[in-house]
Chemist: 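Here you go, one structure.
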Amino acid sequence: MTNTILIKNAQIVNEGKIFEGDVLVVGDRIAEVAESISAKSADTKIIEADGSYLIPGMIDDQVHFREPGLTHKATIETESRAAVAGGITSFIEMPNTVPQATTIELLEDKFARAAETSWANYSFMFGGTNDNLEEVLKVDETKVAGLKLFLGSSTGNMLVDDPEVLEEIFSKTNLLISVHCEDETTIKNNLEKFKSEYGEDIPIAFHPVIRSEEACYLSSSRAIELAKKTGARLHVFHLSTEKETHLFSNKIPLSEKKITAEVCIHHLWFTNEDYAEKGTKIKWNPAVKTQKDRDGLWKALLDDRIDVIATDHAPHTLEEKDNVYTKAPSGGPLVQHALEALFEMHHKGRISVEKIVEKTAHNPAILFQVKDRGYIRVGYKADLVLIDPNAPWRVSKENIAYKCGWSPFEGTTFTSRVMYTLVNGVIAFENGKFPNRSNGERLTFDR
């Protein structure tokens, strides 16, 4: 029997507007959106929204779920479940697993695993290296989110540093190319300088000095230059500096842009002043930088030079994080708390609810040309999130869903809370519990 769910009296947030109304879900699709809808049958499940916000589920364009090969940190199942608890209904996962997803066969292995275990909808990036151009050119762009290139080494070291190879990839692929931009030589030189003074135990406060503004800007400006030269479709991941924001434009609509940018939750929330309290828990690549950088990122996000907000969810165990600077890995878990952190910033007057939805749902759908998701529209997949703007709660070990069991937000009280998450019409998360196992679907692309 087809499941039918009626969400009543919600503040529906969609396409730049907020309006009070009801949404009817039949099977896995949105069947009706109207001011008032009455239940058509006795077995319709009614969710009383009572004025809470109903938003399209977040499409997170950058996560590391660690499977295969690093499953002591996380799995597709554990992290997709945590994502659903945070109102993320679709994710795009990165190739730096073990083994790395740098052949079609290895990429399809990940898709097969997600088909079995993912709570959320999924796609994966194919990994480019210095010597796999032939494989890159075999990728079907209608079935895969895009190509990921590490232009600065990060977890799993898939560094692409041969200029000729880079130019060839940029020239020959039609795939959207997503890049991690940090200049390796700059970072190595900075690191050696600090190691000669402190050895391995460099104070964490120097992380943004080692992985500096200059390292980021050098790399991202080069990538953009190459994209302009070759006509490639370039998406620059996790901007962390004010200086880089000036490389991007808001002069044309997103659907026409060839060069786009993303910012992550942690770069919008933390600054270098937080290292004193949080230590390596907020050690990310690129590094969390200054208040000036954070303000610049906010400005560019709100004036549409930055197109999407993502998490770069990248869990490690606490034991791994508790190492000295040079041995503590970069990255942290974020999918469960991203939307609530953004709503916190909304309460502080930083961003409107409509803009949150634009940057987390509509824009990733446009940017990746995701089919039938990212909006509250009749006929679209029912990936929906009900968030109560006034339901304060505190992040603690007891309510963390990540396999790694910790969060950089531990001890934080959020004003808003995700109450319901629907994935393909299934209530996967409800008031802190997971009542039904949702089966995520492979994202498809209109390309």
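Computed over heavy atoms, backbone and side chain alike; hydrogens, waters and symmetry mates excluded.
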Chemist: Partners of Lys138 by salt bridge (charged side-chain N to carboxylate O under 4.0 Å, His left out), sequence neighbours excluded?
Modeler: Glu135
Chemist: Walk me through whether Lys371 and Thr444 qualify under side chain to side chain donor-acceptor pair (under 3.5 Å).
Modeler: CA-CA 6 Å; Lys371 188 171 164 47; Thr444 54; over 6 Å; no
Chemist: Under the rule for salt bridge (charged side-chain N to carboxylate O under 4.0 Å, His left out), what residues qualify as partners of Arg81, not counting sequence neighbours?
Modeler: none
Chemist: Taking salt bridge (Lys or Arg N to Asp or Glu O under 4.0 Å) as the cut-off, I'd like each qualifying pair that reaches into residues 94-106, sequence neighbours left out, listed once.
Modeler: none
Chemist: Name all residues meeting the side-chain contact (heavy atoms from CB on, under 4.5 Å) criterion together with Asn390; count only those two or more places apart in sequence or in a different chain, and write none if there are none.
Modeler: His347, Asp388, Thr415
Chemist: Side chains of Leu334 and Phe409: does their closest heavy-atom pair fall under 4.5 Å?
Modeler: yes
Chemist: Under the rule for side-chain contact (heavy atoms from CB on, under 4.5 Å), what residues qualify as partners of Glu340, not counting sequence neighbours?
Modeler: His337, Ile387, Trp393, Phe414, Arg417, Val418
Chemist: With a 4.5 Å limit on heavy-atom distance, are the side chains of Tyr420 and Leu384 in contact?
Modeler: no
Chemist: May I have the step-by-step check of side chain to side chain donor-acceptor pair (under 3.5 Å) for Asn96 and His64, ending in yes or no?
Modeler: CA-CA 8 Å; Asn96 54 331; His64 303 262; 3.0 Å; yes
Chemist: Kindly say whether Thr71 contributes a backbone atom to a donor-acceptor pair with the side chain of Thr75 at under 3.5 angstrom?
Modeler: no
Chemist: List for me each residue that meets salt bridge (charged side-chain N to carboxylate O under 4.0 Å, His left out) alongside Lys172, sequence neighbours excluded, and say none if there are none.
Modeler: Glu168
Chemist: Between Glu273 (side chain) and Gln291 (backbone), is there a donor-acceptor pair under 3.5 Å?
Modeler: no
Chemist: Using only heavy-atom distances, determine whether the side chains of Arg66 and His72 contain a donor-acceptor pair under 3.5 Å.
Modeler: no
Chemist: Could Lys278 and Trp406 be counted as a cation-pi pair, given that NZ or CZ must be under 6.0 Å from the ring centre and within 45° of the axis?
Modeler: no
Chemist: Distance only, no hydrogens: is a donor on one side chain within 3.5 Å (strictly under) of an acceptor on the other, for Asn424 and Asn439?
Modeler: no
Chemist: Counting C-beta onward and ignoring hydrogens, is there a side-chain heavy-atom pair between Val236 and Glu262 closer than 4.5 Å?
Modeler: no
Chemist: Indicate the atoms forming the closest heavy-atom contact of Val370 with Pro364, along with that distance.
Modeler: CG2-O, 4.1 Å
Chemist: Is Asp22 reaching over with its side chain to a backbone N or O of Leu24, donor-acceptor style, under 3.5 angstrom?
Modeler: no
Chemist: With sequence neighbours left out, write down each residue that passes side-chain contact (heavy atoms from CB on, under 4.5 Å) with Ser352, or none if nothing qualifies.
Modeler: Glu354, Lys355
Chemist: Can you find a heavy atom in the side chain of Pro99 that is under 4.5 Å from one in the side chain of Pro68?
Modeler: yes
Chemist: Do the ring planes of Phe434 and Trp119 sit parallel (below 30°), tilted (30 to 60°) or perpendicular (above 60°)?
Modeler: perpendicular
Chemist: Does anything in residues 395-416 pair up under salt bridge (Lys or Arg N to Asp or Glu O under 4.0 Å), and if so which pairs, sequence neighbours excluded?
Modeler: Lys397-Glu410
Chemist: Apply ring pair (Phe, Tyr, Trp, His ring centres under 6.0 Å) to Tyr375 and list each qualifying residue two or more places apart in sequence or on a separate chain.
Modeler: His362
Chemist: Determine the minimum heavy-atom distance between Thr413 and Pro392, stating which atoms define it.
Modeler: CG2-CB, 4.4 Å
Chemist: Holding to salt bridge (charged side-chain N to carboxylate O under 4.0 Å, His left out), I want the full list of residues that pass it with Glu32, two or more places apart in sequence or in another chain.
Modeler: Lys40
Chemist: With distance as the sole test, does Asp293 use its side chain to make a donor-acceptor pair with the main-chain N or O of Glu242 at under 3.5 Å?
Modeler: yes
Chemist: Of all residues at least two apart in sequence or in a different chain, which pass the side-chain contact (heavy atoms from CB on, under 4.5 Å) check with Arg29?
Modeler: Asp372, Lys381
Chemist: Is any side-chain heavy atom of Phe445 closer than 4.5 Å to one of Lys143?
Modeler: no
Chemist: Verify the distance criterion only: is there a donor paired with an acceptor across the side chains of Lys299 and Thr245 at less than 3.5 Å?
Modeler: no
Chemist: Do Thr260 and His235 have side-chain atoms, one donor and one acceptor, less than 3.5 Å apart?
Modeler: yes
Chemist: Enumerate the ring pair (Phe, Tyr, Trp, His ring centres under 6.0 Å) contacts for residues 88-117, please, sequence neighbours excluded, ordered by first and then second residue.
Modeler: Phe65-Phe91, Phe111-Phe124
Chemist: Counting heavy atoms not belonging to Glu225, are there more than 12 under 6.0 Å from its CD?
Modeler: no
Chemist: Starting from the C-alpha separation in whole Å, work towards a yes-or-no answer on side-chain contact (heavy atoms from CB on, under 4.5 Å) for Gln11 and Glu20.
Modeler: CA-CA 5 Å; Gln11 295 287 331; Glu20 194 158 314; 3.1 Å; yes
